Amino acid sequence: MDMPLEFILRIFVAALLGGAIGLEREYRAKEAGLRTHFLVALGSALFMVVSAYGFEGAMHTPEHRWDVSRVAAQVVSGIGFIGAGTIIFHKSENVVRGLTTAAGLWVTAAIGLACGGGMYILSIASTVLVLVGLEAFNFILRKIDKHKK
C-alpha cells in the first residue's frame with residue numbers, strides 16, 4: 001500500500017475506534033464523549049505517524065540522533081492534562097467523579113498510538129476490551145444497586 005494511504009488508514013481507524021469508545025461515554029452522558037475520544041485517538045495516531053515518519057529525511061544523518069518514541073511518550077503524559085480536567089472531587093458528597101472518563105481518555109490515546117504504529121489488531125482488541133469492561137462494570141453496578149434496595 002502507498003505510504004500516504006497507509007497513514008490515512010491509520011488515523012482513520014484510530015478515529016473510528018476512539019469514536020466507538022466516545023459513543024459509549026456519550027450514551028452514558030459522561031464528561032467526555034464522542035468528539036473528545038474521536039479527537040484524542042486521531043491526534044495520538046497522527047502524532048505517532050509524524051514521530052515515526054515525519055522526519056525521514058533528517059533521521060539518517062550522522063550528526064543527528066532521533067528517538068521516535070519521544071513523541072509517543074509525550075502523548076502519554078500530555079493526555080494526563082486533559083484527563084485531569086475531567087476529574088472532580090465533590091466535597092459535599094465526599095466522592096470523586098470522572099476517573100473512568102480520565103482513564104478512558106488515557107486508553108483511547110494508547111489505542112490511537114497503536115493505530116499510528118500500524119498495530120490494527122491490537123487496537124481493535126483493546127477497543128473491544130474497553131467497551132466490554134465499561135459495559136460489564138455498568139451491569140455489575142446496576143445489579144449491586146438493585147441488591148442494596
Side-chain angles (χ1 to χ4, degrees), residues 1-90 95-144:
M1 181 182 275
D2 188 27
M3 283 312 275
L5 290 177
E6 173 67 21
F7 297 155
I8 291 168
L9 178 64
R10 290 178 186 195
I11 62 171
F12 188 80
V13 171
L16 285 177
L17 295 176
I21 295 169
L23 194 59
E24 189 281 337
R25 304 312 290 160
E26 189 92 24
Y27 176 75
R28 301 273 175 224
K30 299 301 178 179
E31 294 84 359
L34 173 66
R35 292 180 295 177
T36 304
H37 284 81
F38 175 91
L39 291 172
V40 165
L42 172 65
S44 297
L46 184 58
F47 275 124
M48 185 61 138
V49 169
V50 170
S51 177
Y53 301 101
F55 308 103
E56 196 71 23
M59 291 176 91
H60 302 294
T61 60
E63 63 272 359
H64 295 102
R65 286 183 34 191
W66 299 93
D67 180 5
V68 298
S69 67
R70 293 178 85 187
V71 172
Q74 295 307 311
V75 169
V76 173
S77 59
I79 200 64
F81 177 77
I82 294 173
T86 67
I87 300 171
I88 300 169
F89 175 69
H90 293 279
V95 67
V96 176
R97 299 204 190 279
L99 287 174
T100 302
T101 299
L105 290 169
W106 182 69
V107 75
T108 299
I111 289 167
L113 288 172
C115 279
M119 300 176 202
Y120 300 115
I121 302 299
L122 179 64
S123 301
I124 292 167
S126 297
T127 302
V128 168
L129 284 171
V130 167
L131 293 172
V132 166
L134 289 170
E135 286 302 310
F137 284 127
N138 189 51
F139 177 78
I140 291 167
L141 291 173
R142 276 196 320 238
K143 292 291 185 188
I144 291 170

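Computed from a prediction, not measured in an experiment: that's the story for all the values here.
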- Message: Assess the residue pair Thr86 and Leu105 against the criterion (side chain to side chain contact (heavy atoms under 4.5 Å, CB included)); give the C-alpha distance rounded to whole Å, side-chain angles, the decisive distance to 0.1 Å, and a yes or no.
- Response: CA-CA 10 Å; Thr86 67; Leu105 290 169; 4.0 Å; yes

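- Residue Cys115 comes nearest to Leu17 through the heavy atom pair SG-CD1, 3.8 Å, listed as atom of the first residue, atom of the second, then distance.
- Within a 6.0 Å sphere centred on CZ of Phe47, heavy atoms belonging to other residues, nucleotides or ligands number 12 at most.
- A distance of 3.5 Å separates CD1 in Ile111 from CD1 in Ile21, rounded to the nearest 0.5 Å.
- In this structure, Leu5 places its CG atom where more than 12 heavy-atom neighbours from other residues, nucleotides or ligands lie under 6.0 Å away.
- Once rounded to the nearest 0.5 Å, the distance linking CG of Leu42 with CZ of Arg35 reads 14.5 Å.
- In terms of heavy atoms, Ala45 sits closest to Ala14 at CB-CB, 3.5 Å.
- Across every non-hydrogen atom of Gly116 and Val49, the tightest pair is O-CG2, 3.6 Å.
- Interatomic distance, CD1 of Ile124 versus CG of Leu16, reported as 9.5 Å (0.5 Å rounding).
- Here the straight-line distance linking atom CZ of Phe38 with atom OG1 of Thr108 works out to 12.5 Å at 0.5 Å rounding.
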- Begin from the C-alpha positions of Ser123 and Val13 and carry the test side chain to side chain contact (heavy atoms under 4.5 Å, CB included) through to its verdict. CA-CA 9 Å; Ser123 301; Val13 171; 5.5 Å; no

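- For Arg97, the side-chain hydrogen bond (donor to acceptor under 3.5 Å, both in side chains) test picks out Glu93, with sequence neighbours left out.
- Here the NZ atom belonging to Lys30 is positioned 11.5 Å from the NE2 atom belonging to His37, to the nearest 0.5 angstrom.
- Ser44 places no side-chain N or O within donor-acceptor distance of the main-chain N or O of Ala41, the cut-off being under 3.5 Å.
- Contact between Glu26 and Leu34 at its shortest, heavy atoms only, is OE1-N, 2.9 Å.
- The shortest heavy-atom contact between Arg25 and Leu134 is NH1-CD2, 3.6 Å.
- Evaluation of the salt bridge (charged side-chain N to carboxylate O under 4.0 Å, His left out) test over residues 2-22, restricted to residues two or more places apart or in two chains, returns Glu6-Arg10.
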- Task: Kindly determine whether Leu113 and Val76 satisfy side chain to side chain contact (heavy atoms under 4.5 Å, CB included), including the steps that lead there.
- Result: CA-CA 9 Å; Leu113 288 172; Val76 173; 4.2 Å; yes

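- Rounded to the nearest 0.5 Å, atoms CD1 (Ile88) and CG (Leu99) are 10.5 Å apart.
- Partners of Glu135 by salt bridge (charged side-chain N to carboxylate O under 4.0 Å, His left out), not counting sequence neighbours, listed by chain and number: Arg28.
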